[in-house]
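See below for the structure under consideration.
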Number of protein chains: 2
Amino acid sequence: MSPPKRTIEASAASQIAELAAQSRRVTSYDVALVAGVSQSAVSRCFKPGASVSKTTFARVMKAAALLDYVPNAAARSLITRRTNMVAVLLTNRANLYYPELLTELSKQLTPHGKRVLLFPLASESEAARVLGDLWQFQVDGVIAAAHLPATAVAEFKRHRVPLVVFNRLLEDLSVHTVSCDHRAAGRMLAARLAAAGHRQFGIISGSKDSVVAIARQQGVAEQLAELGLPPPLVVTGEFDYHSGATGLKTLIARHGGIPDAIICANDVMAIGCLDCARHELGISVPGQLSVAGLDAVEPSNWLSYNLTTLHQPMAQMAAAAAQQICRLIERPEVAAERQLFDAQFIEGATARLHLPATAPAAPFSLPQPLAIM
Amino acid sequence: MSPPKRTIEASAASQIAELAAQSRRVTSYDVALVAGVSQSAVSRCFKPGASVSKTTFARVMKAAALLDYVPNAAARSLITRRTNMVAVLLTNRANLYYPELLTELSKQLTPHGKRVLLFPLASESEAARVLGDLWQFQVDGVIAAAHLPATAVAEFKRHRVPLVVFNRLLEDLSVHTVSCDHRAAGRMLAARLAAAGHRQFGIISGSKDSVVAIARQQGVAEQLAELGLPPPLVVTGEFDYHSGATGLKTLIARHGGIPDAIICANDVMAIGCLDCARHELGISVPGQLSVAGLDAVEPSNWLSYNLTTLHQPMAQMAAAAAQQICRLIERPEVAAERQLFDAQFIEGATARLHLPATAPAAPFSLPQPLAIM
DNA sequence: TTGTATGCGTTATCAT
DNA sequence: ATGATAACGCATACAA
């Protein structure tokens with residue numbers, strides 16, 4: 001006589017006991033046993049478009065629920081060659097737009113079943129060093145918001161890992177890119193300020209290894225040169241509040257007076273510069289000095305600042321990057337695309353944007369610059 | 001006649017050709033073949049403390065380098081039962097300390113060979129929904145900076161996934177926790193302000209599902225009650241700049257005048273409140289109104305604000321959480337520990353912290369509160 | 001629709 | 001120190 005057919009519940013209970021005894025994990029075999037089907041049937045039940053009968057599906061799902069079964073992604077990826085992970089390389093410098101970027105990326109990737117594996121970088125140049133780790137994890141793709149040397153890009157090709165470079169333009173045109181045109185942004189800002197009569201510019205740039213800061217600075221310099229204005233005075237900072245203040249003082253000391261306008265490589269430095277001018281040095285902004293930022297992070301539109309700056313459409317860019325990496329994962333062979341976004345000018349109230357009604361030739365904020373040099 | 005013994009280089013080249021032809025991945029077998037050793041020898045070479053002779057090691061490493069071989073983490077984790085990934089659950093609300101938290105966590109985890117897999121949450125309550133994904137990825141542990149319902153905590157136990165709850169105190173004492181004592185922080189702030197003669201308090205709290213905001217608010221209310229002061233007026237916000245401004249206006253309307261002191265559930269709201277008071281309503285801070293924040297994110301110490309607030313030792317807390325999850329991964333059975341950190345009071349300049357020399361009994365900032373009610 | 005059999009790439013155990 | 005062999009947990013080709 002065969003034993004009475006046990007209920008799924010009873011079968012599950014005994015299976016759980018056995019699992020605990022052997023301290024094994026719950027596998028699809030266990031589920032199959034409890035559901036009274038084959039392992040492959042179980043596997044199919046967890047694959048979206050597979051062909052399973054309603055009844056088996058129900059039995060399997062019930063058994064799975066009773067056993068707390070979830071497919072093991074590691075085992076799955078071994079055979080599917082997909083880990084459903086996208087690595088994101090990020091420099092600390094991105095600091096203030098870090099949250100926006102990451103949440104937007106995740107939001108876009110999650111519907112595709114992909115998750116973000118984070119690789120924060122202490123410096124842009126550190127990128128190369130984390131690559132080894134990256135290959136091990138077999139991520140499906142990488143979004144790099146960090147500078148990659150040509151050798152690193154080559155590695156991506158050898159390892160056949162899709163790569164999207166974020167907010168930086170590499171010389172190599174064959175890499176997929178989503179970015180603002182930082183050089184154009186620099187030009188635009190310089191042009192606007194020059195049109196308002198500013199002549200002597202100062203730049204508080206980012207640290208030397210930042211491609212972004214350099215591109216912006218070049219844009220400004222180019223534009224000024226084309227307009228026949230004196231070259232900007234440049235000091236470098238570390239993208240932080242303190243650097244903005246220090247940068248301002250250094251610029252004043254070096255120039256022997258207050259320049260007409262100061263462009264900072266990011267908003268936090270601009271805010272530092274602004275606070276230092278107003279609260280520490282008693283300089284009126286924009287009365288005596290125009291200050292502009294770049295990046296438009298949230299604090300820049302707080303009432304106390306209302307910074308003149310350029311807004312990068314970060315959320316859109318993040319979405320674009322997510323889209324692109326997903327497409328690339330599906331079809332690795334598609335031709336490289338450089339998706340460029342325009343920064344949007346934010347007038348704010350820290351820069352004079354129109355020619356002063358009086359003294360059009362020599363703005364009063366320019367204290368005999370030539371006499372001193 | 002046996003063929004002449006080929007060099008490693010030559011052997012590697014032909015192996016690469018074969019791999020490309022079959023579009024296979026590079027495996028330890030390929031390396032073994034090229035290096036002229038067994039596959040297990042290759043495996044051992046990539047395991048830190050294994051016993052391999054110098055010469056085999058050298059041959060293997062050379063072959064591996066030529067082939068661009070890296071061990072496949074998915075395959076490895078299948079047998080070692082370690083994915084070397086730690087999931088981090090994070091609400092968007094954490095916004096401003098997001099970068100600090102994530103970089104610190106990563107910094108602490110990287111030396112242990114672990115990486116952060118990110119799970120951003122749209123709301124605290126969304127946590128439960130991402131858990132399914134989480135189990136699939138087989139992460140070694142989870143750091144949750146989000147509220148977890150008891151059912152979710154139970155799931156962690158069933159799945160035997162180590163959990164550290166970050167900056168929230170669950171009632172369940174059996175969960176490992178690293179947090180500030182938000183209630184104590186609220187009490188401390190209330191006590192300091194009350195000692196300076198403030199009597200009518202307003203609170204701009206966070207959205208209703210935030211455990212942290214609620215705890216802080218309770219602390220304030222408790223302390224005021226113990227001191228025999230009137231209960232605080234409470235409005236809720238969304239932890240953002242705009243909420244601070246709106247909150248202030250609502251409080252004034254509801255109270256029929258300016259309260260003595262306003263405590264905001266985070267610094268960004270405090271800054272919004274401050275800007276609104278000063279720039280929009282023309283209220284002198286701290287002359288007519290004291291404003292205090294909680295959280296001490298970076299902008300709070302910018303010169304324009306210099307906010308009175310409480311600083312959470314975020315970096316230390318992150319480090320502690322990383323340590324704890326690592327220990328827990330090694331020894332899952334250790335007893336639960338609640339690691340509490342004290343918030344540090346930052347005086348700032350937006351709250352009056354001493355009794356006014358004149359009119360000690362009824363501060364001038366309190367316009368006949370009882371007459372109106 | 002379902003079950004059988006095989007392979008994904010590694011680590012671990014056990015001889016040698 | 002080294003090599004053969006057996007898991008690990010799943011997806012898939014194929015046969016039924």
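Naming convention: chains lettered A, B, ... in sequence-line order (proteins, then strands); numbering from 1 in each chain.
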What contact category does [X] fall into here, base, sugar-phosphate, or nothing, at under 4.0 angstrom with non-hydrogen atoms?
{"X": "B:Val70", "value": "sugar-phosphate"}
{"X": "A:Thr27", "value": "sugar-phosphate"}
{"X": "B:Tyr69", "value": "sugar-phosphate"}
{"X": "B:Arg25", "value": "sugar-phosphate"}
{"X": "B:Arg81", "value": "sugar-phosphate"}
{"X": "A:Val42", "value": "nothing"}
{"X": "A:Ser53", "value": "sugar-phosphate"}
{"X": "A:Ser77", "value": "nothing"}

Go through DNA chain D in 5' to 3' direction and return only the first and the last nucleotide with some atom under 4.0 Å of chain A's heavy atoms.
D:dG9 to D:dT12
Between the first and last five pairs of the helix from C:dT1-D:dA16 to C:dT16-D:dA1, the angle of the axes, rounded to 10 degrees:
30°
How many whole angstroms separate atom [atom1] of [X] from atom [atom2] of [N]?
{"X": "B:Leu78", "N": "C:dC8", "atom1": "CG", "atom2": "P", "answer": "14 Å"}
{"X": "A:Arg44", "N": "C:dT2", "atom1": "CZ", "atom2": "P", "answer": "8 Å"}
{"X": "B:Leu19", "N": "C:dG9", "atom1": "CG", "atom2": "C1'", "answer": "13 Å"}
{"X": "B:Asn84", "N": "C:dT10", "atom1": "CG", "atom2": "C1'", "answer": "14 Å"}
{"X": "A:Phe137", "N": "C:dG9", "atom1": "CZ", "atom2": "C1'", "answer": "16 Å"}
{"X": "A:Arg59", "N": "C:dT2", "atom1": "CZ", "atom2": "C1'", "answer": "14 Å"}

Parallel, tilted or perpendicular, as decided by the 30° and 60° cut-offs, for the rings of B:Tyr69 and B:Phe46:
perpendicular
For A:Trp135 and A:Phe156, take the angle between the two ring planes, folded into 0 to 90°, and tell me which bin it lands in: parallel under 30, tilted 30 to 60, perpendicular over 60.
perpendicular
Measuring from atom CG of B:Leu163 to atom CD1 of B:Ile325, what distance do you get when rounded to the nearest 0.5 angstrom?
6.5 Å
Would you please confirm or rule out a distance under 4.0 Å between OP1 or OP2 of C:dT1 and any side-chain N or O of A:Ser51?
yes
Under 4.0 angstrom between A:Thr56 side-chain N/O and C:dT2 OP1 or OP2
yes
Check whether any side-chain heavy atom of [X] sits under 4.5 Å from a side-chain heavy atom of [Y], and report yes or no.
{"X": "A:His147", "Y": "A:Val165", "result": "no"}
{"X": "A:Arg81", "Y": "A:Gln138", "result": "no"}
{"X": "B:Ser174", "Y": "B:Lys157", "result": "yes"}

Do the side chains of A:Lys107 and A:Glu104 get close enough for a salt bridge, i.e. N-O under 4.0 angstrom?
yes
Is the backbone of [Y] close enough, under 3.5 Å, to the side chain of [X] for a donor and an acceptor to pair up by distance?
{"X": "A:Arg168", "Y": "A:Leu148", "answer": "no"}
{"X": "B:Asp140", "Y": "B:Val86", "answer": "no"}
{"X": "A:Arg338", "Y": "A:Thr177", "answer": "no"}

Search all heavy atoms of B:Thr103 against all heavy atoms of A:Pro120 and return the closest pair with its distance.
CG2-CB, 4.3 Å
Could you tell me which non-hydrogen atom of A:Val142 sits nearest to which non-hydrogen atom of A:Val139, and how far apart they are?
CG2-CG2, 3.9 Å
Between the protein and nucleotides 5-7 of chain C, are there any N/O to N/O pairs under 3.5 Å, and if so, what are the atom names and distances?
none

Starting at the 5' end of DNA chain D and moving along, which residue's nearest nucleotide shows up first, B:Lys54 or B:Ala75?
B:Lys54
Using the rule given for side chain to side chain contact (heavy atoms under 4.5 Å, CB included), can you reason through A:Val88 versus B:Leu118, listing the C-alpha separation, both sets of side-chain angles and the distance that settles it, and then say yes or no?
CA-CA 10 Å; A:Val88 174; B:Leu118 205 59; over 6 Å; no
Residue B:Thr80, side-chain heavy atoms: nucleotide from C:dT10, C:dT1, C:dT11 that is nearest:
C:dT11
